[in-house]
There are 2 protein chains.
Amino acid sequence: MRLLVIEDDALIARSLERALAPLGNTVEVFSTHAEARAALRHDRFDLILLDLGLPDGDGLELLAALRDRGDTTPVLILTARDGIDDRVSGLDLGADDYLAKPFSIAELEARVRALLRRSQQRSDNRLRYGRLCFDPATGAATFDDATLALPRRELLLLEGLLLHAGSIAPREALERRLFGFDEVGSNALEVYVSRLRKRLAGSGLQIRTFRGLGYRLEDAAE
Amino acid sequence: MRLLVIEDDALIARSLERALAPLGNTVEVFSTHAEARAALRHDRFDLILLDLGLPDGDGLELLAALRDRGDTTPVLILTARDGIDDRVSGLDLGADDYLAKPFSIAELEARVRALLRRSQQRSDNRLRYGRLCFDPATGAATFDDATLALPRRELLLLEGLLLHAGSIAPREALERRLFGFDEVGSNALEVYVSRLRKRLAGSGLQIRTFRGLGYRLEDAAE
DNA sequence: CGCCACCTGTCACCAACCTGTCACCTTCCC
DNA sequence: GGGAAGGTGACAGGTTGGTGACAGGTGGCG
């Protein structure tokens, strides 16, 4: 496994290297944002350990840029800050785990092992179907890269369908997604399905009903 | 998505439910080790949120047992203990992530999203026979990956036959499955067998009658 | 504040489909 | 042949989903 460590504290960087290399990994260390970006442009890694407190830029930006161009390499964030908001934004930007300094080497090893184990079968953050794309991190849906300006409820419905792309989105799940626990006293879901169908006309996609089960987004051809 | 929450603090359990259900999930809550084990024996979930501080047993044992029998359902550990050793052993036993209480709902959501994103293409409690496949979790049947849009009763019948795949499904069991205890006043079962036969025509499968006993799903060749 | 555009949930009504029953037929076994 | 078990087409009624219309709500804007 190839690991990329982005860490400016030489002491920490070396101890990371000493902990991880013996597990059978090749470890590359960079101490600046710029070097790391350059390395990531032509190199692939199995895991990135990213210190948020970089000397020449914000680590979250580097992460965001990585994800923006579709790179799904697992990222483990290392940081001295441990405010919950930072953690959340790191995770929502597509980080896979978070470790606040100081941390024990044993814990680091366990988390690295867990991430590498997972990365065998992971998928892109963004959900795509046909020319449609939905990014759960930002909650935005696009069609051919054009942002879809849908009313909230219709967007929720579309998200729900995309989350189950390729299979049937259970009616109940969609209802909960649109209306939460507010019992909605009528056929509101059908109404929104009907509305969304109109919007999708001509997009090459359609919503198919599975009686008693739910709905599925699929190619109009079928 | 089906989530299993194993948590004995009712307050926390409810807030987990309220946070996660609106994301489109079905949430089952159990407050004891024993109940959770029982549920896991016949049910599959997409994610398990496991409180380590269970009243009637060690959560780590439950996790270990799960992994031992090859179940790879993602597990997110919740716990008040934040000793590093616990965390490490949780991760090494096959947990996928770890959240120490108290945690913010936003962080919980972010982690649940991250885990579910990853496990999108798993879930396997499915019954198969030939090119037929039935997923009890969603209630959907597929034939060569094409979804079969079957009415509920026919689906129940198919499921009943699949449950006894390779052997004879007793008539009585099928009747109970389709109609429950409502005595159904005529040859309804035969009617559904007949309907299902029509659908299976050309599938390479057939339903064979065993007079006085029941029906068996088998290859048409036989 | 008043106007307007738009989003929302509800309803009425329609269409499609599912369901149980019956009548009548076939198959099996003695 | 005769009886019992099973098979199947048709049908009436019920249930579920689809859609246009509408009234109330919300937020922007002058």
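A, B, ... follow the sequence lines: proteins, then strands. Residue 1 opens every chain.
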#### Entry: Residues A/E218 and A/R208 bridged, charged N to O under 4.0 Å
yes
### Query
In whole Å, what is the span from the CG atom of A/L189 to the P atom of C/dC11?
16 Å
### Task
Measure from the side-chain N and O atoms of A/R211 to the backbone N and O of B/A149, and report whether any donor-acceptor pair falls under 3.5 Å.
no
### Task
Measure from CG on B/L150 to P on D/dT16 and round the result to the nearest Å.
18 Å
## Note on the structure
Letter by letter from the 5' end, nucleotides 24-30 of chain C scores (B base, S sugar-phosphate only, - none; protein heavy atoms under 4.0 Å) ---BB--
### Message
Can you measure A/R208 atom CZ to D/dG18 atom C1' for me and round it to whole angstrom units?
### Response
17 Å
### Message
Counting only heavy atoms and a strict 4.0 angstrom limit, can you tell me which residues of residues 193-201 of chain A come near DNA chain D?
### Response
A/S194, A/R195, A/R197, A/K198
### Message
Counting neighbours of CD on B/E172 that are heavy atoms of other residues, nucleotides or ligands and sit closer than 6.0 Å, is the number greater than 12?
### Response
no
### Message
Taking only side-chain N and O atoms of B/T209, does any of them lie within less than 4.0 angstrom of OP1 or OP2 on D/dG7?
### Response
yes
### Query
Atom CZ of B/F179 to atom C1' of C/dT21: distance rounded to whole Å?
11 Å
### Query
Say you draw a straight line from CG of B/L161 to CD1 of B/I168; how long is it, rounded to the nearest 0.5 Å?
11.5 Å
### Message
On the nucleotide C/dG9, are OP1 or OP2 found under 4.0 Å from the side-chain N or O atoms that A/R153 carries?
### Response
yes
### Query
Looking at CG of B/L16 and CD1 of B/I6, how far apart are the two atoms once the value is rounded to the nearest 0.5 Å?
12.0 Å
### Query
Are B/L150 and B/L157 close enough, and set up right, to give a side chain to side chain contact (heavy atoms under 4.5 Å, CB included), and what steps lead you there?
CA-CA 10 Å; B/L150 293 181; B/L157 174 58; over 6 Å; no
### Query
Is any side-chain nitrogen or oxygen of A/Y192 closer than 4.0 Å to OP1 or OP2 of C/dC7?
no
#### Entry: Value in whole Å for how far the C1' atom of C/dG20 lies from CD of B/E190
13 Å
### Summary
Taken to the nearest whole Å, CD/B/E175 to P/D/dA5 is 12 Å
### Message
Rounded to whole Å, how long is the line connecting atom CD1 of A/I207 with atom C1' of D/dT19?
### Response
14 Å
### Message
Nearest whole Å is fine: how far is C/dG9 C1' from A/L156 CG?
### Response
15 Å
### Task
Just compare C/dT19, C/dC22, C/dC7 and give me whichever is closest to any side-chain atom of A/R152.
C/dC7
### Task
Examine distances only and state if a side-chain atom of B/R67 and a backbone atom of B/D71 form a donor-acceptor pair shorter than 3.5 Å.
yes
#### Entry: Proximity to the side chain of A/R171 - top-ranked nucleotide from D/dG17, C/dT19, D/dG7
D/dG17
### Short side-chain to backbone donor-acceptor contact, B/R197 and B/I207, under 3.5 Å
yes
### Message
Checking B/F30 against B/R37 for the side chain to side chain contact (heavy atoms under 4.5 Å, CB included) test, could you report, in this order, the C-alpha distance in whole Å, the side-chain angles of both residues, the deciding distance, and whether it holds?
### Response
CA-CA 10 Å; B/F30 292 106; B/R37 267 180 194 273; over 6 Å; no
#### Entry: Touch class at under 4.0 angstrom, heavy-atom based, for A/F210 against every strand present
nothing
